[in-house]
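Quick one: the structure is below, questions incoming.
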Amino acid sequence: MAIFFWVSFLASIVGAICGIGGGVVIKPVLDMLGLETVTTISFLSGCTVLSMSCYSVTRSLAKGDSGVDMRTGTPMAIGAALGGLAGKQLFDLVKSLFDNQGMVGAVQAGCLGVITLGTLAYTVNKSHIRTLKITAPAVCVVIGLALGVMSSFLGIGGGPINLVVLYFFFSMDAKTAAANSLYIILVSQLASLLTTLFTHTVPPFQWTVLLVMVSGGIGGGMVGRMLNKRIDNKLVERLFICLMGLIVLICIYNVWRGLSG
């Protein structure tokens, strides 16, 4: 039980600092440990990310220092919520193609590894890449839709791809992108959870594990939010780069494990 708490707690600290939600760490790490089925891990990871992002966003909004650009963030969040529904259907489709849960996990891990590697490459070279400044609500919805599909299918809540999109399409710095990413994650994960409940597709899980992970998510969100205020953009980016490298390695292992299982 302790492993669920510490994975959620530490992942949520980093998630709150970098704006990646924590699910991008929780999902592959728990997959690697093989403590639950792929479907259950996706559900537990989503609930943990929702709890952490809910705390971080509501706390920041209450204090008036959220850094969220509602003009672009809200249309993206709406798009991400809709995309999350499509991503869930895509996951169910892929799951139906394989009898072996390990293969489903390998597909998820492979996709996550490729996306994370691309994110890492962009982040390292972003000082040489010219960015955009999109404000059109319709375009924001479409971008959010794509983010929602990927995050829901991968079971990571939001993840590093959010930050790259916010860097490139909206010219945000690291800390502003982190705040907007958490806001998008909050809305999309809430929509995903409600859909799962209303469609009666909640996978089997232990309530004690869920409560422990949610506690870790909220606790990590509290610590991460405090640390985010005390560090600069450069350190946030360095932490993000190191984390992406670690996730790529874990994904490679999970693909090998799924294919050999």
Side-chain angles (χ1 to χ4, degrees), residues 1-60 77 80-81 84 87-88 91 105 108-109 112 116 147-148 150-163 178 181-197 201-228 243 246-247 250-251 254:
M1 196 65 68
I3 190 68
F4 287 105
F5 174 80
W6 286 111
V7 168
S8 301
F9 180 70
L10 296 174
S12 296
I13 290 176
V14 179
I17 293 173
C18 298
I20 57 176
V24 71
V25 179
I26 295 171
K27 178 67 169 64
V29 169
L30 292 184
D31 278 344
M32 180 178 67
L33 296 174
L35 300 175
E36 290 286 356
T37 65
V38 171
T39 307
T40 299
I41 289 172
S42 293
F43 175 75
L44 293 173
S45 174
C47 290
T48 305
V49 169
L50 175 61
S51 65
M52 185 280 286
S53 59
C54 184
Y55 168 79
S56 297
V57 172
T58 53
R59 184 75 173 165
S60 296
K88 188 175 182 303
F91 174 76
Q108 283 185 309
L112 178 58
T116 304
L147 289 177
M150 286 186 285
S151 64
S152 180
F153 172 70
L154 296 173
I156 58 174
I161 189 65
N162 281 21
L163 295 186
S181 176
L182 288 176
Y183 175 63
I184 294 166
I185 289 169
L186 170 61
V187 177
S188 62
Q189 280 302 294
L190 181 58
S192 178
L193 177 61
L194 291 175
T195 302
T196 301
L197 293 175
T201 54
V202 178
F205 68 93
Q206 299 179 52
W207 278 102
T208 50
V209 173
L210 176 62
L211 292 174
V212 164
M213 289 184 66
V214 167
S215 298
I218 294 174
M222 294 172 67
V223 175
R225 185 174 178 276
M226 288 188 291
L227 292 175
N228 182 271
L243 185 63
L246 177 61
I247 290 169
I250 294 174
C251 286
N254 285 341

Among residues at least two apart in sequence or on other chains, which ones pass ring pair (Phe, Tyr, Trp, His ring centres under 6.0 Å) with Phe9?
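Testing Phe9 for ring pair (Phe, Tyr, Trp, His ring centres under 6.0 Å), a comparison that skips the adjacent residues, returns Phe5, Trp6.
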Minimum heavy-atom separation for Thr48 to Val214, with atom names?
OG1-N, 4.2 Å
So does Pro204 get a backbone contact from the side chain of Thr40, meaning a donor-acceptor N/O pair under 3.5 Å?
yes
CD1 of Ile26 to CG of Leu10, rounded to nearest 0.5 Å, is 10.0 Å
About how many Å separate CD of Glu36 and CG of Leu44, when rounded to the nearest 0.5 Å?
6.5 Å
Nearest non-hydrogen partners of Gly87 and Ser152, listed with the distance:
C-OG, 3.6 Å
Over all heavy atoms of both residues, which pair between Ser12 and Gly217 is shortest? Give the atoms and the distance, please.
OG-CA, 3.2 Å
Ser8 vs Val212, test: side-chain contact (heavy atoms from CB on, under 4.5 Å). Steps then yes/no.
CA-CA 8 Å; Ser8 301; Val212 164; over 6 Å; no
Which heavy-atom pair separates Asn254 from Pro28 by the least distance, and what is that distance?
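What the structure gives for the nearest pair is ND2-O, 2.9 Å.
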So do the side chains of Val38 and Lys27 get within less than 4.5 Å of each other, counting heavy atoms only?
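The answer is yes; the side chains approach within 4.5 Å.
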Exam field: side chain Ser60 to backbone Ser56, donor-acceptor pair closer than 3.5 Å
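Pair found, side chain donor or acceptor close to backbone of Ser56.
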Give, for atom CD1 of Ile185 and atom CG of Leu190, the distance between the pair rounded to the nearest 0.5 Å.
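If we round to the nearest 0.5 Å, Ile185:CD1 and Leu190:CG are 13.5 Å apart.
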About how many Å separate CG of Asn162 and OG of Ser151, when rounded to the nearest 0.5 Å?
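Answer rounded to 0.5 Å: 6.5 Å.
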Filter on ring-ring contact (aromatic ring centres under 6.0 Å, His included), then keep only pairs touching residues 23-56, sequence neighbours left out; what's left?
Phe43-Phe205
State, yes or no, whether a side-chain contact exists between Ile41 and Gln108 at a heavy-atom distance under 4.5 Å.
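SC-SC contact between Ile41 and Gln108 ruled out.
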What are the two closest non-hydrogen atoms of Ile156 and Val49, and how far apart are they?
O-CG2, 4.2 Å
Given Lys88 and Thr201, is the side-chain contact (heavy atoms from CB on, under 4.5 Å) satisfied, shown in steps?
CA-CA 10 Å; Lys88 188 175 182 303; Thr201 54; 3.0 Å; yes
Spacing of OG belonging to Ser42 relative to CZ belonging to Phe153, to within rounding of 0.5 Å
9.5 Å
If you measure from CD on Gln189 to CG on Leu182, what distance do you get to the nearest 0.5 Å?
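Rounded to the nearest 0.5 Å, the CD-CG separation comes out at 11.5 Å.
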What's the shortest heavy-atom distance between Cys47 and Leu210, and which atoms?
CB-CD1, 3.6 Å
